[in-house]
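Below is one structure, written out as structure tokens, with a few remarks after it.
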Amino acid sequence: MTSSKRVETKLIHAGELRPRVAGAVNLPIFQSATYEYGGEDNYHDIRYIRLNNTPNHIVLGEKLAAIEGAEAGMVAASGMAAISTALLSILSKGDHILLQDCLYGGTHDFVTKDLPALGIEHDFIDASDPASWEKKIRKETKAIYVETIANPLLDVPELAAVVDFARDHKIISIVDNTFASPINFRPAEMGFDLSVHSCTKYLNGHSDIVGGACIGKATLVKNITRKLNHFGGTMDPHAAFLLHRGMKTLALRVRHQNESALKIAQYLEKHSAIGKVNYPGLESHPAHARAAKWFDGFGGMLSFELKEENPAIADQFLKALQYPISAPSLGGVESLITRPATTSHLGLSKADRKSIGISDSLIRFSTGIEATEDLIDDFDQALKKVSVKVSK
Ligand SMILES: *Cc1c(COP(=O)(O)O)cnc(C)c1O
């Protein structure tokens, strides 16, 4: 069952317990820290919430593996718990990792601030220029790490080249697949060894939990689970229940978000008050050809600039919107909007932001599942309000 055609069915049925618990249609929350001893002879097999082996954990791991067409999957307490535990299960003192130069802020901080203290080195690469990677590899290099769609300019790396490069050099290929979700891209099918997710975003989709996941080769997933058993970053069974429930509608949500984001991006691109629009579904986007070749949809995230490069006007525009909520994070049923200079990229200087193409008036939009027409009407009225102010 690795065909993307049947993902809707796998979201509902893959990994579910048979027989059902007491006939219940939904998997109950196993709110029990500990379980009767059953003769286990290995620490990791003792049944206990922190050891990631309650039915809530196991079912989610199997469902995640099924929807990405991978060997195995596991969940963690947050996206950062999944990412940090995965990296620390692959890298030890003296090792080196190559990473895409534009990363999720938490991952960037972890790699640049925490890994060096553990004697683990890194180099950043331009992920759309495979010819430049060879110069950065060392004999200590153990892995290469990219993001399917990078924040906030929505760039798409040379993903197939990452897989080839890792194979040629016998290193591990890792991709953060949060922005694409398994509906739009399944890394294992391309040959990635491991994908990591913030389930906080599309997988759960309702902005009411934090969670993370690692999906990929069974040996890697087993090692990561064992590290997580030691570090303790286990998903709580109640959060697992909510994630399980949220995932059932993943395909419906993401496909609507794909369609809606494309229409909104096209609307914005034509609007006279809007400057640049970044969306991989637009032909004007530098990674459009790659995204069109590899993805089943272009995702729900887009970013844009008003023609007038003035953060105060950008903020007035955000305030004038009726529906999108001004908040960080993404991937929920409600549309969210943010100015990265004030949220995700606040830690960088203005000059550093500029050098990676993030102006202080850049606006990032996470498309919810509201009616597309209502969102476009809302953008329209808000743009009219700020356009009046611009011309005063
Ligand atoms: C949010 C996010 C993370 C971190 O996930 P948490 O659940 O907040 O820990 C990692 N990668 C990407 C791309 C994200 O958007």
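What you see below is based on every heavy atom in this structure, not just the backbone, and it leaves out hydrogens, waters and symmetry mates. Everything quoted here is computed from the prediction, not taken from an experiment.
With respect to Lys319 and Asp315, no salt bridge is recorded, no charged nitrogen being found less than 4.0 Å from a carboxylate O.
Both Ile67 and Val175 are assigned to one and the same hydrophobic cluster, defined by single-linkage of ILVMFWY side chains at heavy-atom distances under 4.5 Å. Hydrophobic clustering of Ile, Leu, Val, Met, Phe, Trp and Tyr side chains at less than 4.5 Å, counting indirect connections, unites Phe295 with Val254. No single ILVMFWY cluster, assembled from side-chain heavy atoms under 4.5 Å apart, contains both Val333 and Leu242. Ile215 and Val146 fall within the same hydrophobic cluster, where Ile, Leu, Val, Met, Phe, Trp and Tyr residues are linked whenever their side-chain heavy atoms come under 4.5 Å apart, directly or through other members. Cluster annotation: Tyr35 and Ile58 are assigned to distinct hydrophobic clusters (Ile/Leu/Val/Met/Phe/Trp/Tyr, side-chain heavy-atom contacts under 4.5 Å, transitive).
Other residues, nucleotides and ligands contribute over 12 non-hydrogen atoms within 6.0 Å of the NZ atom of Lys293. Surrounding OH of Tyr48 are at most 12 heavy atoms belonging to other residues, nucleotides or ligands under 6.0 Å away. Dense packing is recorded around CZ of Arg138, with more than 12 heavy atoms of other residues, nucleotides or ligands lying under 6.0 Å away.
Residues satisfying the side chain to side chain contact (heavy atoms under 4.5 Å, CB included) criterion with Leu262, sequence neighbours excluded, are Gln266, Tyr279. Residues meeting the side chain to side chain contact (heavy atoms under 4.5 Å, CB included) test with Thr343, sequence neighbours left out: Pro328, Thr338.
Hydrophobic cluster membership for Ile49: none, as no Ile, Leu, Val, Met, Phe, Trp or Tyr side chain comes under 4.5 Å of it.
A distance-only check finds a donor-acceptor pair linking the side chain of Thr249 to the backbone of Gly246 [under 3.5 Å]. In this structure, the side chain of Ser195 does not engage the main chain of Asn177 through any donor-acceptor pair within 3.5 Å.
Atom-to-atom distance recorded for Ile224:CD1 and Met74:CE is 6.0 Å, nearest 0.5 angstrom. Distance check, rounded to the nearest 0.5 Å: CG of Leu220 to CD1 of Ile174 gives 8.0 Å. To the nearest 0.5 Å, atoms CG (Leu336) and OG (Ser366) are separated by 5.0 Å. Distance check: Phe110 CZ to Met80 CE gives 6.5 Å after rounding to the nearest 0.5 Å. Interatomic distance, Asp296 CG to Asn258 CG, rounded to the nearest 0.5 Å: 9.0 Å. In this structure, the separation between CG on Asn56 and NE2 on His238 is 10.0 Å, given to the nearest 0.5 Å.
A 4.5 Å side-chain heavy-atom check between Arg290 and His285 finds every atom pair outside the cut-off. A 4.5 Å side-chain heavy-atom check between Phe379 and Ile337 finds at least one atom pair inside the cut-off. A heavy-atom distance below 4.5 Å is found between the side chains of Pro324 and Asp378. At least one side-chain heavy atom of Leu154 sits less than 4.5 Å from a side-chain heavy atom of Met301. The shortest distance between side-chain heavy atoms of His197 and Leu64 does not fall below 4.5 Å. Counting heavy atoms from C-beta outward, His345 and Asn151 have side chains that approach closer than 4.5 Å. A 4.5 Å side-chain heavy-atom check between His271 and Asp380 finds at least one atom pair inside the cut-off. Using a 4.5 Å heavy-atom cutoff, the side chains of Leu51 and Tyr43 are in contact.
The minimum heavy-atom distance between Asp155 and Ser128, with the atom names listed, is OD2-OG, 4.3 Å. Ile144 and Ala166 get closest at one heavy-atom pair: CG2-CB, 4.0 Å. Across every non-hydrogen atom of Leu306 and Ala314, the tightest pair is CD1-CA, 3.8 Å. Across Leu302 and Leu268, no two heavy atoms sit closer than the pair CD1-CD1, 3.8 Å. Looking at every heavy atom in both residues, Gly281 comes nearest to His288 through O-CE1, 3.4 Å. The shortest non-hydrogen separation linking Asn52 to His57 is O-CB, 3.4 Å.
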request  = Begin from the C-alpha positions of Phe304 and Ile264 and carry the test side chain to side chain contact (heavy atoms under 4.5 Å, CB included) through to its verdict.
outcome  = CA-CA 11 Å; Phe304 57 95; Ile264 293 166; over 6 Å; no

Could you walk me through whether Asp176 and Tyr145 pass the side chain to side chain contact (heavy atoms under 4.5 Å, CB included) check? CA-CA 8 Å; Asp176 181 333; Tyr145 185 108; 3.8 Å; yes

Test side chain to side chain contact (heavy atoms under 4.5 Å, CB included) on Leu88 and Leu115 and set out the steps. CA-CA 9 Å; Leu88 289 173; Leu115 288 187; 3.7 Å; yes

- request: Go through the steps to decide whether Phe365 and Thr367 satisfy the test side chain to side chain contact (heavy atoms under 4.5 Å, CB included), and finish with yes or no.
  value: CA-CA 6 Å; Phe365 182 64; Thr367 314; 3.5 Å; yes

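Contacts classified as salt bridge (charged side-chain N to carboxylate O under 4.0 Å, His left out) and involving residues 214-236 (residues at least two apart or in different chains) are given here: Asp193-Lys217. Annotation: ring-ring contact (aromatic ring centres under 6.0 Å, His included) contacts involving residues 122-141, sequence neighbours excluded, comprise His108-Phe124, His122-Phe124, Trp133-Phe165. Residue pairs meeting the salt bridge (charged side-chain N to carboxylate O under 4.0 Å, His left out) criterion with at least one member in residues 350-369, sequence neighbours excluded: Glu309-Lys354, Lys350-Asp360, Arg353-Asp360. Legend: salt bridge (charged side-chain N to carboxylate O under 4.0 Å, His left out) pairs involving residues 40-51, not counting sequence neighbours: none detected. Within the structure, side-chain hydrogen bond (donor to acceptor under 3.5 Å, both in side chains) contacts touching residues 159-171 (residues at least two apart or in different chains) are Glu134-His169. Residue pairs meeting the salt bridge (charged side-chain N to carboxylate O under 4.0 Å, His left out) criterion with at least one partner in residues 76-95, sequence neighbours excluded, are Asp95-Lys142.
Using modelled atom types and a 3.5 Å distance limit, the side chains of Glu370 and Ser335 yield a donor-acceptor pair.
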Sequence neighbours excluded and cut-off under 3.5 Å, please list the side-chain donor-acceptor pairs for residues 96-107, or say none.
| residue | atom | partner | partner atom | Å |
| --- | --- | --- | --- | --- |
| His96 | ND1 | Thr141 | OG1 | 2.8 |
| His96 | NE2 | Asp123 | OD2 | 3.0 |
| Gln100 | OE1 | Glu147 | N | 2.7 |

Name the atoms and distances for all side-chain donor-acceptor pairs under 3.5 Å in residues 200-209, with sequence neighbours left out.
| residue | atom | partner | partner atom | Å |
| --- | --- | --- | --- | --- |
| Thr200 | OG1 | Ser198 | OG | 3.2 |
| Thr200 | OG1 | Gly211 | N | 3.1 |
| Thr200 | OG1 | Gly211 | O | 3.3 |
| Asn204 | ND2 | Asp208 | OD1 | 2.8 |
| His206 | ND1 | Asn204 | O | 2.8 |
| Ser207 | OG | Glu334 | OE2 | 2.6 |

Would you list the atom pairs, donor with acceptor, under 3.5 Å between side chains in residues 13-33 and any protein atom, with sequence neighbours excluded?
| residue | atom | partner | partner atom | Å |
| --- | --- | --- | --- | --- |
| Glu16 | OE2 | Lys63 | NZ | 2.8 |
| Glu16 | OE2 | His244 | NE2 | 2.7 |
| Asn26 | OD1 | Lys248 | NZ | 2.8 |
| Ser32 | OG | Thr34 | O | 2.7 |

